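I have placed the structure first, in the form of structure tokens, so that the comments after it can refer back to it.
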Amino acid sequence: MGIDIPRIFRVTLRRGGPAMAVVLVAAGAWTVFAQSNSPPAGKSSPPASSAASVHGLVVADMDTSAKVCQDFYHFADGGWLKKNPIPPEYPSWGTFSELAERNREAMHGILEKLSREKAAPGSDEQKLGDFYASCMDEAAIEAQGTRPIAPELDRIEKIQSLADLRSELARLQIRGAGALFGFGSQQDRRNSNEVIAGASQGGIGLPDRDYYTKTDDKSKELRAKYLDHMAKIFALLGDDPGKASGEARAVIDIETKLAQASMTRVERRDPDATYHRMTPAELKALTPNFSWEAYFKEVDAPPIAAVNIGQPKFFEALDKELKAIPLGDWKTYLRWHLVHAASPGLSSGFVNENFDFYGRTLEGTKELLPRWKRCVQSTDRNLGFALGKIYVRENFPPEAKARADQMVKNLIAALRDDLSSLPWMGAETRKAALAKLDAFTPKIGYPDKWRDYTPYKVVRGPHAGNVMNGALYEHHRDMDKIGKPVDRTEWGMTPPTVNAYYSAPRNEIVFPAGILEPPFFDGKADDAVNYGGIGAVIGHEMTHGFDDQGRKFDAQGNLKNWWTPEDLKNYEERASCVQKQFDAYVVEGDLHQNGKLVLGESIADLGGLTIAYKAFQKSLEGKPRPPDIDGFTPEQRLFLNWARVWATNARPEFERLQTNTNPHPLGRFRAIGAPSNIPEFAAAFGCKAGDPMVRAERCLIW
């Protein structure tokens, strides 16, 4: 799958959505549709969702006083934006949030019911009910305090050598603490049927390496707040203020060294740059101070024949720092990452302090999610396919899956027509592109084979134990893949997830049941709306197979160049146009979107919407033209629902965080970015040259 997804112990009870966990996967592995799908929550009800009760577009969600060719985002979404302020418990509120909220309510009902029942021991139902009940037992969690991590704190204190340090590092990693680097199974990029081991840079507590290296005032201020946060956490462990402050400084010094040795997010977007398959002997030469042979045993890995080292320079630098940094500072570093990972699941002092920095400071969120919603999230993360099996049984009828299957076929046909006629693509490249499209594997709704949670022990006891067992279960499940053929039936998102993804090494497009609902997909809405919603989502994921990363993988999912030099030049010129377009979008002040960082998603948006429009037109062949609805033509409704998908109110802190770290553009730019390049959009709304929604330099790829 990938090697950078945070372990369950790290993310449980954290705010934020599972979509972002997927975004962290190593370059070239997965590309997801949206930047976040976690709904807000509060003590009062969230804003009412018009999509839940009305089929198709809602005119009241628009602001028809705005000029469509000047400000399409507000024309399409202005009414919705005014009616939907951000709840205090969340950094943003958008269409994804509305749908995820409904899905989480459905999961909540399932879990409440199971927690009251006495299911057969060892069954999925028993595990779901007991996990959720243990998470909801706040009094027991409060009484436990730091006891859940006390054994590991004791082990860290007893470290006396680099060998001890490595051994404890391994223990923490398999229990979910993201210290030093990531390690796990990985599909070999040059032999896509093989699973090997993979190691990647990591070990920092701030969202990205740039947070340590930038010298502007905001970055300095944020680092100062991070130091203060760490000191407060150390104080909660019982350290006096002076010692806690010194410990925080020792940690940030180590993390800064790790950050300075790390690749940037843009650099990691190149799958060639993060592929370095090495033998154990080559690993030994790369890091003479770190015994990989011993480490593999300590993480219970099977025999290791090869490891992909994503960032060799990072590991070279880390190896030197293992000797250069005092052992006492390393112990402090491990202590920090243990409690940092565990804080969201500990007593209230740790939960609140963790939220204060990662929620309030980094994202601008005003209040913590209530416990039951955090517990639903945690259960989905730990037992998501057991929960998803019940969810789809109750919420995803066979006819919905059948109609989604048909839309995928229609979109694939439209992309095939497009690839067959692109004027800038030559015959040799076209043949390979069509072969890749024909090899696509669509997955709709839910997996054919459900995950086996038999080894995962869950009891109605201390919640921290269930979480740790979940991390260990997931780690051993991951280790068991190494050296075996790729399991192509496996899913990377749980069925209730409001998102979708494309996997380049597997050449598959995946659409969980959670996103196959309004406003993306509505069986009772007109086709134009569905093509502007789920049709564009499907097209987006398919286009990822040909974006700046996906184009480097062949039909079998191998990292291989299948482009002629001339066609590659033509493609890169067109991609450069998209990069420049998004570089020009201003987030605030002098902060712009990073065109290189968001290039893949922006290319996929352009391709997805273009192909969805063509598929919709193809679906009309031989049929009477659909009538206008609410004064809008079918074509207008398609583009309006595209924009409706991206309606989002967001806090400034959250927008800055997303801009700095996320490969997805902000919603307001996604709403207008692709349409402003598409001639059919201008024709649908009568936009003229010179209007903001008619770009002077149109970016045309598909």
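From a predicted model like this one, the values you see are computed outputs, not experimental measurements.
A salt bridge links Arg416 with Asp438; the closest basic N to acidic carboxylate O contact falls under 4.0 Å. Between Arg651 and Glu588 there is no salt bridge, since no side-chain nitrogen of the basic residue lies less than 4.0 Å from a carboxylate oxygen of the acidic one. The pair Arg668-Glu655 meets the salt-bridge criterion, since a charged nitrogen lies less than 4.0 angstrom from a carboxylate oxygen. Salt-bridge formation is detected for the pair Lys83/Asp61: a Lys NZ or Arg NE/NH1/NH2 atom is positioned less than 4.0 Å from an Asp or Glu carboxylate oxygen. A salt bridge is absent between Arg488 and Glu508; no separation between the charged side-chain nitrogens and carboxylate oxygens falls under 4.0 Å. The residues Arg506 and Glu490 are annotated as salt-bridged, a charged nitrogen and a carboxylate oxygen being separated by less than 4.0 angstrom. Between Lys552 and Asp270 there is a salt bridge, since a side-chain N of the basic residue sits under 4.0 Å from a carboxylate O of the acidic one.
Using a 4.5 Å cut-off on side-chain heavy atoms (C-beta onward), Trp80 and Asn649 make contact.
Applying the side chain to side chain donor-acceptor pair (under 3.5 Å) criterion to Asp527, with sequence neighbours excluded, gives Arg403.
Donor-acceptor pairing under 3.5 Å is recorded for the side chains of Asn410 and Gln406.
Between the side chain of Tyr446 and the main chain of Val392, no donor-acceptor pair closer than 3.5 Å is present.
Across Lys214 and Ser219, no two heavy atoms sit closer than the pair CB-OG, 3.3 Å.
Ring-centre distance between Phe681 and Phe72: below the 6.0 Å cut-off. Here the two rings, on Tyr613 and Phe616, have centers that are 6.0 Å apart or farther. Ring centers of Phe520 and Phe96: under 6.0 Å apart, within the cut-off.
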inquiry  = Run the side-chain contact (heavy atoms from CB on, under 4.5 Å) test on Phe669 and Val587 for me, step by step, so that the C-alpha distance in whole Å, both residues' side-chain angles and the decisive distance to 0.1 Å come before the verdict.
reply    = CA-CA 9 Å; Phe669 301 135; Val587 178; 4.1 Å; yes
inquiry  = Assess the residue pair Asn677 and Arg695 against the criterion (side-chain contact (heavy atoms from CB on, under 4.5 Å)); give the C-alpha distance rounded to whole Å, side-chain angles, the decisive distance to 0.1 Å, and a yes or no.
reply    = CA-CA 6 Å; Asn677 287 304; Arg695 285 177 46 78; 3.1 Å; yes
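Screening Lys614, Lys618, Arg430 for a salt bridge (charged side-chain N to carboxylate O under 4.0 Å, His left out) involving Asp418 leaves a single residue, Lys614. Screening Ile515, Leu516, Ile509, Val645 against Val537 for a side-chain contact (heavy atoms from CB on, under 4.5 Å) leaves a single residue, Ile515. Results of the side chain to side chain donor-acceptor pair (under 3.5 Å) test with His544 over Gln549, Arg551, Glu601 single out Glu601 as the only residue that passes.
Residue pairs meeting the disulfide bond (SG atoms under 2.5 Å apart) criterion with at least one partner in residues 578-655, sequence neighbours excluded, are absent.
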